[in-house]
Amino acid sequence: MEMGFRWYGPDEDAVKLQDIRQIPGAKQVVGALFDVPVGEVWPLAKIKALKAQIEAAGLKFTIVESVNIHDDIKIGLPTRDRYIENYQQTIRNLAQVGAKTICYNFMPIFDWIRTDLHFKLDDGSKALAFQERYTAEDPQVLIQQIQQGDNGFSLPGWEPERLAKVQQLFKAYADVDATRLAANLKYFLDAILPVCEECHIQMAIHPDDPPMPLFGLPRIFKNAADMRAIVAMNPSLANGFTICTGSLGENPDNDIPAIIREFVAQGRVPFVHARNIKYAGHGHDFREAAHLSSEGSLDMYEIMKALHDTGFDGVIRPDHGRDIWGEAGRPGYGLYDRALGLTYLNGLWEAISKS
């Protein structure tokens, strides 16, 4: 197991590589190219430059998050084959620099949804939060709230140029239900997984966040049953999962340690997002919490124990930290709270290993 830390690059992240290098136990940088339009090929020269920058800081780069999927693929338009060919070439280019895992998602329009980026906690820190009642409004209202609270950073899945076309996107997805979306995922997987096998790269689909339909849009990775259905689409071991404890944990019916034990044992989990959330006590509402078990609703000890017991040897990164100590960086992705989270997770792993 290695600990990683997500980084958005020198131009889009207030966190510096040297900051990450100073976190005890941080070995990997989880990165991507954010200036390449979705659907286009990632140029090999740019990938090499990113890798060189990360390695110059004394860190590794084997996990890519994310190579996003063009909407034409998710919708199932005739143009999808061109974008799939581009994706195949990006896989080949990433393999040339030693990438091992590609995290991606298959969520329509919104990669993730929160209704408050700066929910104030009793201790004065601020966290991401979700209150379901706000999703009953026009999605344009939520888009404006997100853009007003982004602290000047472009948030993945909420890029202004893409969301400017949100009404057209909703029309394009009008006939895409869960069955059709799943069929389009299978089409995508069947096309790219042979390339992944040739290149020794494992795909790792990220759960829906939150794991339920919103704004009339379907969701197809919400729980263990959905994971089994995704495995059934294509049995290749290159067809893997990112287990995000927060996204799956946002539904209290999901047993995260049991999910880990089932799918890590199959060799299908190269990557884990470890975060804690706190149920608000009504409906599907929740907020992000510090990683410590007692601060949220998830038992992080049992989660880490399940990973250890199943021989997990991939990369774990702390996820969605609070804004603490006056930090005002990218919402959910500041330095301080995620660094605390990484150290806490490392401490749990060491204690479990030695017990």
Side-chain angles (χ1 to χ4, degrees), residues 9 28-52 54 60-109 111 156-157 159 162 169 172-173 176 180-208 220-221 227 229-242 266-271 314-315:
Q28 290 265 357
V29 165
V30 178
L33 296 180
F34 296 99
D35 61 342
V36 179
V38 174
E40 299 305 313
V41 175
W42 285 18
L44 180 58
K46 284 193 172 187
I47 299 170
K48 287 182 175 179
L50 175 63
K51 178 183 173 70
I54 291 169
K60 301 178 184 179
F61 175 56
T62 67
I63 307 286
V64 182
E65 184 183 355
S66 301
V67 182
N68 289 326
I69 312 296
H70 196 277
D71 286 300
D72 288 13
I73 298 174
K74 298 177 188 177
I75 296 166
L77 298 178
T79 48
R80 64 182 170 180
D81 290 332
R82 176 171 72 87
Y83 292 114
I84 288 174
E85 288 176 4
N86 289 349
Y87 208 101
Q88 291 169 328
Q89 187 57 48
T90 294
I91 292 169
R92 296 185 182 101
N93 290 349
L94 286 167
Q96 287 194 50
V97 302
K100 300 298 182 186
T101 303
I102 297 174
C103 176
Y104 72 106
N105 74 73
F106 219 72
M107 292 179 254
I109 302 183
D111 284 4
E159 294 85 358
R162 183 169 181 271
L169 283 171
Y173 276 99
V176 180
R180 183 172 171 186
L181 186 64
N184 293 340
L185 174 59
K186 176 175 169 50
Y187 186 94
F188 172 71
L189 290 172
D190 288 345
I192 66 161
L193 291 179
V195 178
C196 291
E197 291 173 349
E198 293 170 10
C199 294
H200 306 291
I201 280 183
Q202 191 170 27
M203 300 299 293
I205 188 169
H206 186 285
D208 300 327
I220 57 171
F221 181 4
M227 296 171 77
I230 291 169
V231 170
M233 291 177 186
N234 190 307
S236 169
L237 280 176
N239 181 18
F241 300 99
T242 296
Q266 296 177 20
R268 293 194 181 273
V269 183
F271 189 32
V315 173

- Should Phe241 and Ile230 count as side-chain neighbours, where that means a heavy-atom distance under 4.5 Å? yes

- Query: Does the side chain of Leu185 come within less than 4.5 Å of Ile205's, by heavy atoms?
  - Reply: yes

- Query: Rounded to the nearest 0.5 Å, what separation is found between the CE atom of Met233 and the CG atom of Asn239?
  - Reply: 8.5 Å

- Message: Just so I know, are the side chains of Thr242 and Phe271 near enough to count as touching, which here means a heavy-atom distance under 4.5 Å?
- Response: yes

- Heavy-atom closest pair, residues Ile201 and Ala99: CG1-O, 3.3 Å

- Could you check if a side-chain atom of Lys74 sits within less than 4.5 angstrom of a side-chain atom of Phe106, using non-hydrogen atoms only? yes

- Looking at Leu50 and Ala32, what are the two nearest heavy atoms and their distance? CD2-O, 3.7 Å

- Query: How close do Ser236 and Arg268 get, heavy atom to heavy atom, and via which atoms?
  - Reply: O-NH1, 2.8 Å

- Check whether any side-chain N or O of Glu197 sits under 3.5 Å from a backbone N or O of Ala238 as a donor-acceptor pair, and report yes or no. no

- Note on the structure: What one should report as the nearest heavy-atom pair of Pro207 and Met107 is O-CE, 3.4 Å

- Query: Quick one: does Asn68's side chain get under 4.5 Å of Asp111's, heavy atoms only?
  - Reply: yes

- What's the shortest heavy-atom distance between Ile220 and Asp208, and which atoms? N-OD2, 2.9 Å

- Taking the side chain as every heavy atom from C-beta outward, state whether Val176 and Pro108 have any atom pair closer than 4.5 Å. no

- Task: Check Cys196 against Ile91 and note the closest heavy-atom contact, atom names and distance.
- Result: SG-CD1, 3.7 Å

- Query: When you measure from the side chain of Lys100 to the backbone N and O of Thr62, does any donor-acceptor pair fall under 3.5 Å?
  - Reply: no

- Side-chain contact, heavy-atom cut-off 4.5 Å: Arg80 with Asn184? yes

Side-chain donor-acceptor contacts of residues 33-47 below 3.5 Å, not counting sequence neighbours, with atom names and distances?
{"unit_1": "Asp35", "atom_1": "OD2", "unit_2": "Lys46", "atom_2": "NZ", "d": "2.9"}

- Pair Asp81-Tyr187, side-chain hydrogen bond (donor to acceptor under 3.5 Å, both in side chains): steps then yes or no: CA-CA 10 Å; Asp81 290 332; Tyr187 186 94; 2.6 Å; yes

- Val67 and Leu94, any side-chain heavy atoms less than 4.5 Å apart: yes

- Could you check whether the rings of Phe188 and Tyr87 sit parallel, tilted or perpendicular, using 30° and 60° as the cut-offs? perpendicular

